[in-house]
Amino acid sequence: MTKAKALVITGNGTNCEMEAAHACRLGGFDEARIAHISELMSGEVSLDDYHFLNLTGGFLDGDDLGSAKAQANRLRYAAVQGKGELLVDQISRFIADGKLILGVCNGFQLLVKMGMLPALGGDYLKQTATLTYNASGRFQDRWCYLKCDAASPSLYTRGIEGGVYLPVRHGEGKFLVDDAKTLEAIEAKHLSCLKYSDKHYAAPTMEFPENPNGSVNAIAGICDETGRVMGLMPHPEAFVHRTQHPRWTREELPEEGEGLIFFKNAAKYVKENF
Amino acid sequence: MPHRIEITLKDEVRDPRGERIKREIEHFLHLNVDQVRTIDVYTVDAQLSPEELGQVAAGPFSDPVIQNYSVGKPAASGFDYLVEVGFRAGVTDNVGRTAGEAIGYLLGRPLASGEGVYTSVQYLISGKLSREDAERIATGLLCNTLIQRYQILDAASFKAQGGVAPFVPKVQGEAKVAVNSVNLEVSDEELMRISRDGVLALTLDEMKIIQAHYRDAKVLEARKSVGLGAAPTDVELEALAQTWSEHCKHKIFSADVSYEDGEGNREEIKSLFKSFIQKTTADVRAALGAKDYCLSVFKDNAGVIRFNDDWSLVFKVETHNSPSALDPYGGALTGIVGVNRDPFGTGKGAKLIFNTDVFCFADPFYGKELPKRLLHPRRIYEGVVEGVEHGGNKSGIPTVNGSLVFDDRFAGKPLVFCGTAGIMPAKIKDEPSHQKRIVPGDLIVMTGGRIGKDGIHGATFSSEELNENSPVSAVQIGDPITQKRMFDFLIRARDKGLYRFITDNGAGGLSSSIGEMSEECGGCQLDLSLAPLKYPGLAPWEILISEAQERMSLAVPPENIDAFMEMAKRFNVEATVLGSFTDSGIFHMLYGEKTVAYLPLSFMHAGLPPMQIPARWAKPVHEEPAVAEAADYTGDLKGLLSSLNICSKESVVRRYDHEVQGGSVVKPFTGVDNDGPSDAAVVRPILDSFEAVVVGHGICPRYSDIDAYDMAANAIDEGLRNYVAVGGSLDLLAGLDNFCWCDPILSDRTPDGPYKMAQLVRANKALYDYCTVFSMPLISGKDSMKNDFYDGTTKISIPPTLLFSVIGKMEDARLAVTMDAKRAGDQVYLLGATANELGASEYLAQKGYVGNNVPKVDANAALATYRAYHGALNAGLVASCHDLSDGGLAVAAAESAFAGGFGMELDLAKVPFKGDAADKKDAVLLFSESASRLLVTVRAEKAEAFEKALAGTTFAKIGAVTEAKNVSVKGLSGKVVVNSAISELKAAWQEPLKDL
């Protein structure tokens with residue numbers, strides 16, 4: 001059987017590479033390599049050798065030009081040494097090859113700003129949505145209930161019943177789109193797979209703090225039409241064991257944290273399809 | 001020709017930054033404005049074609065979904081006043097740097113030398129305002145004129161002049177590389193003028209020691225051989241001033257102290273540091289014997305203890321008070337990214353696993369007049385909180401523990417304590433990672449940021465009181481991303497064994513880091529002209545002492561230098577060889593071919609005789625209020641819950657990422673609604689293990705008003721009991737002491753110096769007395785001794801403050817306990833005795849008193865309680881545990897109850913009391929802050945086993961957790977004296993700071 005191989009990119013301000021790699025391993029990946037962006041740009045590491053790309057949390061370039069903007073620009077224009085191609089060519093090929101990308105928090109901001117989400121009609125290089133400053137104007141670290149759309153094509157959220165409880169840790173998590181048509185398409189195609197909700201996962205909410213940032217339609221995470229590329233502001237890699245839950249000392253919880261399912265689903269998909 | 005690119009939000013998009021400014025204008029300045037909108041301005045000082053400028057504006061500089069851009073044309077409209085705020089020349093502009101890099105990627109060519117991008121922000125203010133109002137908004141809120149510049153335009157002038165003209169805040173360097181010599185053969189007055197005017201902070205005695213050195217015939221002969229004259233160069237004088245500064249040399253802690261205890265006893269103390277702090281650790285380690293787990297104490301940038309066979313634990317806490325007083329944001333940001341470099345520069349380098357932060361401020365709602373130059377406490381609060389937020393969050397290091405302490409004397413100087421812990425493999429390439437050395441011939445390499453005029457005289461300036469003329473250049477702004485890139489590179493270089501020694505560049509810059517490194521091998525030879533500069537025109541002495549941030553100094557063996565430099569290049573980190581280490585005994589600085597400093601290391605590091613400081617203790621006597629008996633204390637309890645020192649700090653804490661890296665076990669907030677205040681933090685640094693690090697702290701400056709001995713004793717006990725409460729082990733733990741004092745040196749300005757020095761002596765005595773009993777070695781610490789404000793008329797001295805941090809281990813994180821009551825029917829126990837110790841309590845402070853009965857810590861009783869409790873915790877007998885501190889039992893019970901979402905019924909008659917029965921009163925039992933007490937809830941079926949585990953210690957069952965959501969306390973008379981719904985108690989506790 002194929003070895004399921006995950007790649008976690010770090011460098012220039014990415015912060016969650018250790019726990020993302022840990023979650024990949026727990027989720028069933030045979031290998032989870034943390035590669036510095038300079039190793040991709042020098043050609044030492046190639047996306048082609050992996051199945052699952054993790055763009056994880058952090059503050060790329062300090063979010064200095066707006067979250068993940070500078071890295072979006074870098075990935076778009078930086079050349080891979082000695083390969084005669086741009087990094088973005090590798091990424092496009094990765095998607096075309098049917099492989100998987102998960103962007104969490106800063107990684108979600110990066111995907112959206114590169115145009116890789118929602119990528120309506122398969123155009124992965126046209127930005128139609130964004131993530132900007134929370135309505136509160138403040139960074140927030142708090143746990144949120146996320147209602148899951150069972151009809152979503154996202155392969156990561158398969159098997160989630162009702163919703164998941166995960167932490168958000170961001171200052172720029174307010175999801176906005178360029179026009180009403182984009183939003184309609186996202187909703188009609190069930191791409192908005194996770195929405196901030198009440199604790200019973202009954203309905204999406206615009207109320208703070210349940211909705212920590214004021215995202216339009218309470219959107220916390222979206223996927224592309226293939227379901228293989230997904231981004232979300234909450235951190236699934238931050239809840240893979242019960243001791244990470246804020247109330248684990250008072251609630252009876254299973255050993256495994258609710259965020260692990262994203263990585264298990266990814267590993268399962270890779271093993272079934274490659 | 002510079003170009004302005006302006007980025008505006010589309011009309012339908014909300015502008016949270018503008019909205020916040022509008023609120024702050026109303027809140028701080030009491031001015032009504034209709035609206036504030038903001039525009040980001042990039043001034044591109046580079047050769048770009050119009051097409052390229054358009055690409056840059058449309059690409060990395062703006063977000064097409066929510067923003068519009070405008071190149072070379074003003075975008076502002078529909079305002080009454082426009083205020084544009086940008087940095088002054090030479091101030092770190094992180095966004096500008098990133099913008100410049102982005103242009104490089106976009107165009108496929110980096111900006112040329114001298115080209116750059118500079119950012120500013122336009123605030124468009126609508127409302128009925130006068131020009132004076134706009135001026136107040138600009139200087140009172142939007143712009144810190146120390147580091148920023150601003151301009152104000154009303155709508156008419158804006159139109160008339162066609163917008164804001166491009167302005168490039170570039171340092172205009174006249175290439176002066178002159179080295180001056182300074183004639184010290186002058187009068188004493190002249191010597192002092194040289195020290196004062198040069199911000200050298202050297203005393204007359206020190207100046208005369210230097211003068212004498214330059215009269216030594218042997219010295220003169222050696223100088224002649226390298227082409228130097230008799231008089232010291234400015235480079236030498238500056239290097240000595242840095243090395244000998246209070247900040248770097250800790251002269252007060254090394255001094256000979258003559259201490260009188262107020263009862264006729266006299267004691268001669270040779271160095272407080274050696275006599276109390278080092279001795280504590282030495283005695284604890286000797287007692288531990290084979291079980292000693294200390295690996296590196298006091299000698300490196302941070303302390304190192306064993307974590308397990310494979311990993312070592314590193315911890316350091318620093319202060320950054322003076323810079324935070326001048327520029328709260330930049331000062332605090334630099335504080336956190338600065339202390340990050342300490343564990344990173346310890347041993348061969350540690351991976352950073354968490355930050356801690358403790359801030360001491362004046363009341364943010366302070367309404368009285370303040371001396372000129374002091375920023376309003378609210379601005380300090382906002383700036384510091386944001387600085388640490390950016391520094392910690394952007395660096396990817398969770399901020400797991402901290403507190404905010406309020407006292408109006410902190411208006412004189414805020415205290416900003418920042419701590420960072422790290423772990424490193426116990427061995428790297430078969431060598432212990434906590435050890436490092438330098439071999440003569442190793443190359444001196446500096447990595448990271450470039451050198452500028454920022455942070456010149458930081459070390460000497462912070463060794464003086466804050467005054468009206470405090471230098472602008474002392475302020476720096478940190479850049480977490482440059483540092484993060486450097487750490488990403490260096491940790492990989494460490495694992496490849498590419499360098500032999502690493503240390504950070506902090507206070508004193510290269511003069512300190514290279515000076516200290518030179519001691520390792522006996523000398524150095526360094527060419528200052530090789531150092532990479534942010535802009536030309538720095539004099540050699542400026543290069544040597546600049547505290548420009550994000551730099552590490554390393555010793556790289558010559559055989560590894562090519563690999564090291566190649567790897568640095570690949571990781572986009574600047575690294576420069578500046579010279580080499582020698583065994584010449586000389587700190588030898590060159591500028592090109594020319595020698596500019598030639599200082600014997602023996603003189604630099606041992607040339608200074610200890611100061612002689614008198615210390616005289618006289619116990620203060622305060623008015624002793626009669627504790628009024630009342631029928632009901634519910635109002636008092638709510639008042640305490642709403643006091644600044646006790647109330648919820650959630651609005652601040654949620655701005656700090658406390659979970660990144662994935663190891664969070666006990667978070668800052670806990671309980672049914674995730675909003676109860678945890679006592680300490682538990683973190684798993686290695687994700688596939690349940691071994692955990694526990695960290696807590698204690699701080700109680702108010703107690704210094706009675707006796708700094710008890711202030712220190714209580715801080716130590718509070719740190720330890722917070723640590724123990726969540727599950728920290730008593731067999732593997734360490735303490736860190738951070739002293740922040742007011743100037744204790746007798747002078748015209750400080751006639752009460754001997755008293756303040758006696759306070760310092762007493763605090764040190766407490767450190768030894770308690771830490772030895774607790775078997776808690778001190779592994780690192782820091783002192784900041786000049787926390788005063790003086791403008792010639794008003795003097796504000798902070799209360800002497802010890803922050804005591806405790807770090808240690810928990811074998812199994814799954815046994816951790818939190819402070820929230822867990823279920824109805826659980827039994828409530830109070831561990832430890834309560835006494836009439838309302839002195840300097842929050843309760844008396846609310847009533848306007850200090851009192852005299854400060855809590856006394858009984859170390860042996862405390863230890864017995866903690867050991868027994870830890871045994872019960874490990875046996876799984878504890879449902880919840882909350883420490884008693886500010887506000888005593890009543891506050892702890894209320895917090896435990898509302899955090900858990902249950903009620904609590906307590907009976908004061910059952911509280912174990914120590915002392916005169918006549919002092920046993922309801923108010924004392926409710927609000928006394930007696931030390932070493934824990935409030936514990938236990939499942940009913942485990943109560944018997946719990947009592948057995950605690951046998952032999954002072955404790956009692958004082959009540960139960962109830963389904964009814966009410967806290968109800970029966971007084972000594974049998975009548976209920978506190979009765980309130982938990983929702984009301986929680987609301988009182990959450991109210992004060994929730995909107996900040």
Side-chain angles (χ1 to χ4, degrees), chain A residues 10-16 18-19 22-23 36 38-39 42 57-66 69-70 72-74 76-79 113 127-130 132-143 167 169 171 176-178 214 235 237-238 240-241 243-244 246-250, chain B residues 13-14 16-17 19-20 59-61 63-66 94-95 97-99 101-102 105-106 108 389 393-396 479-481 484-485 488 492 570-572 654-667 669-672 674 684 687-688 690 813-814 816-818 820 822 880 900:
Chain A
T10 188
N12 294 321
T14 290
N15 293 330
C16 300
M18 299 293 289
E19 59 267 42
H22 178 67
H36 194 274
S38 70
E39 294 173 304
S42 70
F59 283 82
L60 285 163
D61 302 277
D63 282 354
D64 282 342
L65 306 175
K69 280 289 291 181
N73 178 66
R74 184 185 287 118
R76 190 99 180 230
Y77 297 105
K113 292 181 184 188
Q127 184 182 347
T128 57
T130 196
T132 186
Y133 292 98
N134 296 347
S136 67
R138 295 279 195 226
F139 183 97
Q140 290 287 320
D141 179 338
R142 59 172 70 247
W143 284 60
R169 313 191 305 250
L176 293 175
V177 290
D178 57 352
H235 287 266
E237 82 289 351
V240 297
H241 187 265
T243 57
Q244 293 167 317
R247 296 187 300 275
W248 71 271
T249 59
R250 58 185 293 124
Chain B
V13 178
R14 270 184 59 192
R17 178 171 55 181
E19 290 167 18
R20 181 165 59 107
F61 287 11
D63 183 326
V65 176
I66 51 170
N94 289 325
V95 180
R97 184 207 14 88
T98 303
E101 279 179 16
Y105 282 110
L106 179 68
E389 174 191 325
N393 291 358
K394 291 186 178 183
S395 302
D479 174 3
I481 294 308
K484 172 103 185 161
R485 281 181 185 159
D488 282 347
R492 288 166 172 82
R570 215 150 37 85
F571 279 75
N572 200 13
R654 294 246 173 252
R655 292 170 64 181
Y656 297 147
D657 188 334
H658 49 261
E659 299 178 273
V660 61
Q661 299 191 14
S664 163
V665 175
V666 173
K667 303 180 200 300
F669 286 96
T670 186
V672 65
N674 302 339
R684 287 188 302 134
L687 294 176
D688 48 19
F690 287 102
R814 291 168 292 191
V817 164
T818 54
D820 46 318
K822 298 295 188 297
S880 82

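Here is the naming used below: chain letters follow the sequence lines, and residue numbers restart at 1 for every chain.
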Full working for side chain to side chain contact (heavy atoms under 4.5 Å, CB included) between Arg169(A) and His658(B): CA-CA 9 Å; Arg169(A) 313 191 305 250; His658(B) 49 261; over 6 Å; no
Between [options], which shows the greatest number of heavy-atom pairs under 4.5 Å with chain A?
| options | value |
| --- | --- |
| Gly59(B), Gly663(B), Pro64(B) | Pro64(B) |
| Asp479(B), Asn393(B), Ile66(B) | Asn393(B) |
| Asp688(B), Leu687(B), Thr818(B) | Leu687(B) |
| Phe571(B), Phe669(B), Tyr656(B) | Phe571(B) |
| Asp657(B), Thr670(B), Asp488(B), Val666(B) | Asp657(B) |
| Val65(B), Val660(B), Thr98(B) | Val65(B) |

Under a plain distance cut-off of 3.5 Å, with no hydrogens placed, do Thr130(A) and Asp63(B) share a side-chain donor-acceptor pair? yes
Regarding Lys484(B) and Asn15(A), do their side chains bring together a donor and an acceptor under 3.5 Å, going by distance alone? yes
Most chain B-contacting option - heavy-atom pairs closer than 4.5 Å, from Ser136(A), Cys16(A), Ala135(A): Ala135(A)
Which one, Arg247(A), Met18(A), Gln140(A), leads in non-hydrogen pairs under 4.5 Å with chain B? Arg247(A)
Examine whether an atom of [X] lies under 4.5 Å from a heavy atom of chain A, and if so say whether it belongs to the side chain, the backbone or both; otherwise answer neither.
| X | result |
| --- | --- |
| Arg570(B) | both |
| Lys667(B) | side chain |
| Pro60(B) | both |
| Arg17(B) | neither |
| Ser395(B) | backbone |
| Ala813(B) | backbone |
| Arg485(B) | side chain |
| Glu389(B) | side chain |

Between Trp248(A) (side chain only) and Arg814(B) (backbone N and O only), is there a donor and an acceptor less than 3.5 Å apart? no
Using modelled atom types and a 3.5 Å cut-off, is there a donor and acceptor pairing between side-chain atoms of Arg250(A) and backbone atoms of Gly900(B)? yes
As a quick check of understanding, evaluate side chain to side chain donor-acceptor pair (under 3.5 Å) for Asn674(B) and Arg142(A), giving each step before the final call. CA-CA 9 Å; Asn674(B) 302 339; Arg142(A) 59 172 70 247; over 6 Å; no
Rounded distance [0.5 Å steps], CD in Glu659(B) versus CD in Glu19(A): 10.5 Å
Which atoms of [X] are under 4.5 Å from chain B, going by heavy atoms: the side chain, the backbone, both sets, or neither?
| X | answer |
| --- | --- |
| Asp63(A) | neither |
| Ala129(A) | backbone |
| Val177(A) | backbone |
| Thr14(A) | backbone |
| His241(A) | side chain |

For residues Phe139(A) and Arg655(B), report the shortest heavy-atom separation together with the two atoms involved. CD2-O, 3.2 Å
Any side-chain heavy atom of [X] sitting closer than 4.5 Å to one from [Y]?
| X | Y | answer |
| --- | --- | --- |
| Arg20(B) | Arg138(A) | yes |
| Val95(B) | Leu65(A) | yes |
| Leu106(B) | Asn73(A) | yes |
| Arg684(B) | Gln244(A) | yes |
| Asp64(A) | Lys394(B) | yes |

